[in-house]
Amino acid sequence: MLKIATWNVNSLRIRLPQVLDWLKTQQPDILALQETKLIDANFPSADFKALGYHAAFAGQRTYNGVALLSRFPSVNIVTDLPDLEDPQRRVLGATINDLRVVNLYVPNGQAVGTNKYAYKLAWLDKLADYLRKQLVTYPQLIVLGDFNIAPEDRDVYDPAAWSGKVLCSEPERAALRRLLALGLTDTLRLFAQEEASFSWWDYRAGNFRRNQGLRIDLILASAALAQICASCQVDKTPRGWQRPSDHAPVVAEFAVSAKEN
DNA sequence: ATGGTGGCGCGGCCA
């Protein structure tokens, strides 16, 4: 079984002990991280190597930053969307054995109507172009990360309050549906879940305690992989730890032999 | 409750 996970850690410097603990207990084959907020020179590769993980990363100071930790090395690494001039480190594509993995930190968008929202929609357009081509080259494609979009109302604790707001607006949801229409499956929805299954809870106002969250962290799989997807769930445990990230890990398993991956 | 909390880095931005 191949176990692959995504986790927005909101600063890998602060969260490194939690990530190391989680790797030890969950032992995923691949972990995609977002919001590492580290320049590459400061990436803690040695700490992961000590646990048997290769690391690939694309970071910057203060904001953004993505990384891939994996039992087998990453090759053919890509850190930018084609045809998009962008200093923000939000993309990390890599081939790990027979699998193509694209780790994303989709722009937040701040608020509908802002420049950041327009950047988010333009970014998602470029992403769709890229993934369309990736699917041709790599039938075994996983696209995962912090999408900063709640796909449907059932992914939102209070759909009425969030209606039309950033993370839930119709243009964002339409952009996500266009990604799915390329031939990608939202693997969590292949399996029965608790009614309110979220992956992010605002730090403010005790939102996690009341399970007032959104599901914005997704693991998408191409048809060949969706067919052999054996499970997908949110691991809420780390969100309850002391000084947590505001996101929880999402974990999916695929029925491939250990020899292949 | 137009607030609230957290990370970065030291004032204000971003989420």
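Reminder, nothing fancy here: chain letters follow the sequence lines and each chain counts from 1. Worth knowing before you read on, the calculation uses all heavy atoms, side chains too, and leaves out hydrogens, waters and symmetry mates.
- Listed here is the closest heavy atom pair of A:Q34 and A:N8: OE1-N, 3.2 Å.
- Residue-level contact check: A:Y105 touches the backbone only, with heavy atoms under 4.0 Å from sugar-phosphate atoms and none from bases.
- A:I149 places its CD1 atom 14 Å from the P atom of B:dA15, with the value rounded to the nearest Å.
- For A:T62 and B:dC14, the shortest distance from a side-chain N or O to OP1 or OP2 is not below 4.0 Å.
- Residues satisfying the side-chain hydrogen bond (donor to acceptor under 3.5 Å, both in side chains) criterion with A:Y63, sequence neighbours excluded, are absent altogether.
- Sorted by first then second residue, the ring-ring contact (aromatic ring centres under 6.0 Å, His included) pairs that include residues 179-198 of chain A, not counting sequence neighbours, number zero.
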Protein-nucleic acid N or O pairs under 3.5 Å, nucleotides 3-5 of chain B:
{"residue": "B:dG4", "atom": "O6", "partner": "A:R204", "partner atom": "NH1", "Å": "3.2"}

In a table with atom names and distances, give each donor-acceptor pair under 3.5 Å that connects a side chain of residues 205-214 of chain A to protein atoms at least two apart or in another chain.
{"residue": "A:R210", "atom": "NH2", "partner": "A:A205", "partner atom": "O", "Å": "2.4"}
{"residue": "A:N211", "atom": "OD1", "partner": "A:W201", "partner atom": "NE1", "Å": "2.9"}
{"residue": "A:N211", "atom": "ND2", "partner": "A:A196", "partner atom": "O", "Å": "3.3"}

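- Contacts between residues 8-21 of chain A and DNA chain B, counted as heavy-atom distances below 4.0 Å, involve A:N10, A:S11, A:R13, A:I14, A:R15.
- To the nearest angstrom, C1' of B:dA15 lies 13 Å from CG of A:L214.
- Applying the salt bridge (Lys or Arg N to Asp or Glu O under 4.0 Å) criterion to A:D246, with sequence neighbours excluded, gives no partner residue.
- Going from the P atom of B:dG9 to that of B:dG4 covers 24 Å, rounded to whole Å.
- Distance A:W200 CH2 to B:dG6 P: 14 Å, rounded to the nearest Å.
- Distance, A:H247 NE2 to B:dA15 P: 11 Å, rounded to whole Å.
- A gap of 22 Å separates the P atoms of B:dG7 and B:dG3, to the nearest Å.
- Taking atom CD of A:Q110 as the reference point, atom C1' of B:dA15 lies 9 Å away to the nearest angstrom.
- In this structure, A:Q34 atom CD and B:dC14 atom C1' are separated by 17 Å, rounded to whole Å.
- Distance from the side chain of A:K37 is smallest to B:dC8 among B:dA15, B:dC13, B:dC8.
- Residues that satisfy the salt bridge (Lys or Arg N to Asp or Glu O under 4.0 Å) test with A:D125, not counting sequence neighbours, are absent from this structure.
- A:N76 and A:Y138 form no side-chain donor-acceptor contact under 3.5 Å, judged by distance and modelled atom types alone.
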Do any side-chain atoms of residues 47-57 of chain A form donor-acceptor pairs under 3.5 angstrom with protein atoms, and if so which ones, sequence neighbours left out?
{"residue": "A:Y53", "atom": "OH", "partner": "A:P28", "partner atom": "O", "Å": "2.6"}
{"residue": "A:Y53", "atom": "OH", "partner": "A:R71", "partner atom": "NH2", "Å": "3.3"}

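- Scanning for side-chain hydrogen bond (donor to acceptor under 3.5 Å, both in side chains) contacts around A:S231 gives A:E253, with sequence neighbours left out.
- For the side chain to side chain contact (heavy atoms under 4.5 Å, CB included) test, residues two or more places apart in sequence or in another chain that qualify with A:D129 are A:R132.
- Side-chain atoms of A:N64 and A:R89 form no donor-acceptor pair, as typed in the model, at a separation below 3.5 Å.
- Of the residues in residues 150-176 of chain A, not one places a heavy atom less than 4.0 Å from an atom of DNA chain B.
- Legend: ring-ring contact (aromatic ring centres under 6.0 Å, His included) pairs involving residues 15-34 of chain A, not counting sequence neighbours, sorted by first then second residue: A:W7-A:W22.
- Mapping A:D146 and A:R243 onto DNA chain B via the closest heavy atom, the residue that lands nearer the 5' end is A:R243.
- Remark: P of B:dG9 and CD of A:Q60 are 11 Å apart, rounded to the nearest angstrom.
- For A:D217 and B:dA15, the CG to C1' distance is 13 Å, given to the nearest whole Å.
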